[in-house]
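Encoded as C-alpha cells, here's the structure I'll be asking about.
Worth knowing before you read on, the calculation uses all heavy atoms, side chains too, and leaves out hydrogens, waters and symmetry mates. Just follow the structure's listing: the first ligand is 1, and inside any ligand the first atom is 1.
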Amino acid sequence: MKILVQKFGGTSVATRDAMQKVLNKVTDGLKRSDKVIAVLSARAGETNKLLALADEWSMTPDSAECDALVSTGEQVSITLFTMLLKDAGIRARSLLSWQIPIKTDSDFGRARIRSIDSGNLRSYLESYDVLVIAGFQGCTEDKRITTLGRGGSDTSAVAIAAVLDSAECEIYTDVDGVYTTDPNICSSARKMDRVAYDEMLEMASMGAKVLHIRSVEFAKKYKVPVRVRSTFSDDPGTLVTQEDSSMEAVLVSGIAYDKDQARVTLRALPDVPGTAAAVFGPLSEKGILVDMIVQNTSNDGHTDITFTVSRKELPQTLELMHTIADKTGAAEILHDVNVAKVSAIGVGMRNHSGVAARAFAALTQEGINILMISTSEIKITILIQEKYVELAVRILHDTFGLDWSID
Ligand code: ASP
Ligand code: MG
C-alpha cells in the first residue's frame with residue numbers, strides 16, 4: 001500500500017477558499033498513491049491568538065493547560081477540512097494525537113515524539129482513503145495533551161512519514177520552496193531544486209524558517225525525502241534529501257542571516273583553568289543558548305571572552321555576567337545589540353578550501369568590518385554590524401554565484 005504524507009501550513013488552511021486548493025492537492029495525491037495522510041496546522045494566526053488568550057487569563061499560564069488550549073487550533077482545521085473531503089465524496093476522517101496515539105515526553109510546549117502507533121494508523125487506512133491528522137500535538141503516557149514547539153506540525157508530518165515508510169513527505173506552504181537566500185532582501189535569490197539535510201539544518205537554525213528544525217533532524221535520521229512546495233502553485237518545489245556528489249560539487253548552496261544577535265565581551269579575565277566554565281556554566285544552567293564564542297590569546301595572564309546570545313536573553317545574560325565578573329575579577333563587561341550574523345552554507349565546503357578567504361575578501365571590498373568569525377565543516381559564519389547585513393547577504397550571494405543555476 002503506497003501512502004503519501006502531505007502537510008499543509010497555516011495559510012493553506014486559513015480560509016474555505018484556501019482549503020479548496022488543499023483539497024485539490026489531496027485529490028492529486030490520491031492519484032499518485034493509494035492513501036493520503038494530510039497533516040494540518042492551525043489556521044493562520046490561530047495559535048498566536050490562543051497563546052495571547054492564555055496570557056490574558058494568567059500571569060503564569062500552567063504549561064499543561066496551555067498545551068491543551070493551543071492544540072485546539074489544529075482540531076478546528078482538521079475537522080473543517082474533513083467536512084470538505086466528505087462533501088467531495090472522499091472516505092476521510094480526522095484524528096487527534098491521542099486517537100493514534102502519537103506519544104511524547106511531558107516537556108510541555110516543546111515535547112519530543114517518543115512513538116507513533118503505525119499499526120493503528122494502518123488499520124484506520126483500511127476504512128479510509130484520507131486521514132486528516134492534527135499536527136503540532138502529542139500526548140503523554142498519562143494522557144495529557146502536549147505540543148511540539150512552534151512550527152511543530154512539520155515534525156508531526158515527517159515523523160508520521162518515517163514510521164509508515166512513506167516514499168516522500170510533502171510540506172505545503174505559501175512559498176515555492178527553499179531559496180538560496182531571503183528573496184525579500186536579495187532579488188536574485190533562486191529557488192533550489194534540491195538541498196541536503198545538513199544544509200537545511202544549518203539554514204533552519206540560521207533563521208531561514210521554512211521548516212521546523214526537528215522535522216529536518218527526523219528526516220535525516222530516518223532518510224525521509226521531504227519536498228517543500230506551495231499549495232498555491234504547481235511548482236515541484238525543493239527536495240530536501242541525502243547529499244550526493246552533485247551537491248558536493250557546489251561550493252556554497254545558500255546564504256542565511258540572523259539579526260537576533262547580541263554580543264557580550266568580558267574584558268581582562270584571569271587566564272586560568274576554569275574561567276570559561278565559570279562564564280558559560282551559569283548561562284547553560286539558565287537555559288540561555290550561546291552561539292558564537294571567541295577567546296583571545298593571553299596577555300599578561302589575562303584574556304577576553306566574547307560570545308553572542310539572542311537579543312531577548314541579553315538582559316538576563318548581563319545580569320549573570322555582573323556576578324561572574326565579580327567572582328572571576330574581570331575588568332569590564334561590554335555589549336552590543338546592533339550586530340547580526342551572516343552565514344555561507346554548503347556541503348561542498350567539506351572538500352574545497354578557500355571559501356572563507358573569498359567571503360572575507362568580498363566583504364572587505366565593500367568596507368564591511370568583520371567582528372567575529374566561526375566555522376564548521378559546512379558553514380562559515382561572520383558577525384557584522386546590523387546595518388550591513390542586507391548588503392553582506394547580497395555580496396556573498398553574488399560572490400558564490402548563487403544567482404545562476406548549475407542544473
Ligand atoms: N500551529 C502551530 C504554530 O503556529 C504549529 C504549526 O503551525 O506548525 O506554531
Ligand atoms: Mg511552519
Between the side chains of Thr147 and Asp67, does any donor sit under 3.5 Å from an acceptor?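 Yes - a donor-acceptor pair under 3.5 Å links their side chains.
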Among all residues two or more places apart in sequence or in another chain, which pass the ring-ring contact (aromatic ring centres under 6.0 Å, His included) test with Phe81? none
Once you round to the nearest 0.5 Å, how far does CD1 of Ile288 lie from CG of Leu320?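 One gets 5.5 Å once the value is rounded to the nearest 0.5 Å.
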Going by atom types alone, do Ser94 and Thr82 pair a side-chain donor with an acceptor below 3.5 Å? no
Please list, chain by chain and in numerical order, all residues satisfying side chain to side chain contact (heavy atoms under 4.5 Å, CB included) with Tyr179, sequence neighbours excluded. Asp176, Pro183, Ala189, Lys191
Of all residues at least two apart in sequence or in a different chain, which pass the side chain to side chain contact (heavy atoms under 4.5 Å, CB included) check with Glu332?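 Side chain to side chain contact (heavy atoms under 4.5 Å, CB included) list for Glu332, sorted by chain: Arg267, Leu334.
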What residues sit with at least one heavy atom under 4.0 Å from ligand 1?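 Residue list for ligand 1: Ser41, Ala42, Thr47, Glu74, Phe136, Arg150, Gly151, Gly152, Ser153.
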